[in-house]
Amino acid sequence: MRVPLSADFYARDVVQVAIDLLGTELVRRTREGLTSGLIVEVEAYLAERDPASHASRGRTASNEAMFGAPGTAYVYPIHGRHCFNVVTEAEGRPSAVLIRAIEPLAGRPLMERRRGDVPARDLARGPARLCQAMAIDRADNQRLLTSGSSLWLARSQQPGDMLPIACSPRIGVSRAQHRYLRFFLAGHAAVSGPRKVSSCRWLRQ
DNA sequence: AAAACGATCTACT
DNA sequence: GTAGATCGTTTTG
């Protein structure tokens, strides 16, 4: 069962959505076939006031997706690649969760074809690498993720499963002195986050 | 019109 | 761990 998460799931506090996204399945269907992966690393970008957010300097054509309905995809280009976010909270409140790494599940051979000859560990580890593996690009910007047509998220864990959630020890400061909140599944092979963690707690999914 | 700047990746050491 | 590639967006002159 890969039932798409509903708008209600996304229309909540961005940090809570980020944590709850860990362990869910990102599903992609194209003419080439179906690919999917378990989300193992995310970053929460708060609201319009947060300098780390792309929306911190107002509404523009390129960040328009962030102001859309909860459950909208925000895909943006950087360094010649693409990164994928899901928009959260109420429409008009520009907050989003950056998906930083997935553990490949379905369609691994197709992902390998898209990524080329890379170490297995790097197949979908990193925000731009997972976009390449899943063939996510600017055409997916502003796509609604709640319909389950070609790109969506689905609950993967069984109710009651417990996941080890960790957060970065350096919550907070990127090279550009911007704040961010990074969460990942502790000890998971496919995270690009730091090996040392400041805290780890088990959450009911 | 030109320059600077990344929510990055790769190939080195 | 770090330099260099890379390219759309934003800022500056």
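All figures in this text were calculated on a predicted structure; none of them were measured in a lab. Throughout, a chain's letter reflects where its sequence line sits, starting with A, and its residues are numbered from 1.
OP1 or OP2 of dT10(C) lies within a sub-4.0 Å distance of a side-chain N or O belonging to T60(A). Look at R81(A) and you won't find any side-chain N or O under 4.0 angstrom from OP1 or OP2 of dG8(C).
For the side-chain contact (heavy atoms from CB on, under 4.5 Å) test with F183(A), the passing option among I19(A), D20(A), V191(A) is I19(A); the others fail.
The residue among R138(A) and H79(A) whose nearest nucleotide of DNA chain C is located toward the 5' end is H79(A).
Following rounding to the nearest Å, R59(A) (CZ) and dT9(C) (C1') show an atom-to-atom distance of 18 Å. Atom CZ in F84(A) sits roughly 16 Å away from atom P in dT8(B) (whole-Å rounding). The interatomic distance linking H54(A) (NE2) with dT9(C) (P) rounds to 11 Å, in whole Å. In this structure, the CZ atom of R129(A) is 8 Å from the C1' atom of dT10(B), given to the nearest Å. Protein atom CG of L98(A) is 11 Å distant from nucleotide atom C1' of dT8(B), rounded to whole Å. Residue L123(A) contributes atom CG, which lies 13 Å from atom P of dC9(B) at whole-angstrom precision. Between F183(A) atom CZ and dA7(B) atom P there is a gap of 18 Å when expressed in whole angstrom units. If you measure from atom CG of N141(A) to atom P of dT9(C), you get 10 Å, rounded to the nearest angstrom.
Rounding to the nearest 0.5 angstrom, the gap separating the CG atom in L21(A) from the CZ atom in F9(A) is 4.5 Å. D13(A) contributes atom CG, which lies 7.5 Å from atom OG1 of T88(A) (distance to the nearest 0.5 angstrom). Considering CZ of F84(A) and CG of L151(A), their distance stands at 5.0 Å, rounded to 0.5 Å.
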Stepwise side-chain contact (heavy atoms from CB on, under 4.5 Å) check, D140(A) with R28(A): CA-CA 11 Å; D140(A) 295 298; R28(A) 173 58 147 174; 2.8 Å; yes
Audit row: H54(A), N85(A), side-chain contact (heavy atoms from CB on, under 4.5 Å) steps and yes/no: CA-CA 11 Å; H54(A) 281 178; N85(A) 304 245; over 6 Å; no
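When heavy atoms are screened at a 4.0 angstrom cut-off, N85(A) is found touching base atoms of the nucleic acid. If you check every strand for non-hydrogen atoms under 4.0 Å, R115(A) touches sugar and phosphate atoms only.
Pairs of Watson-Crick or G-U wobble type, with distances under 3.5 Å, assemble into runs of 3 or more in DNA chain C at these ranges: B:1-6 with C:7-12, B:8-12 with C:1-5.
Defined by atom type and a distance below 3.5 Å, a donor-acceptor pair is present between the side-chain atoms of Q132(A) and R115(A).
The Y45(A) side chain lies nearest to dA7(B) when the options are dC9(B), dT6(C), dA7(B). Checking dG8(C), dA7(B), dA5(C) against the side-chain heavy atoms of P77(A) singles out dG8(C) as nearest.
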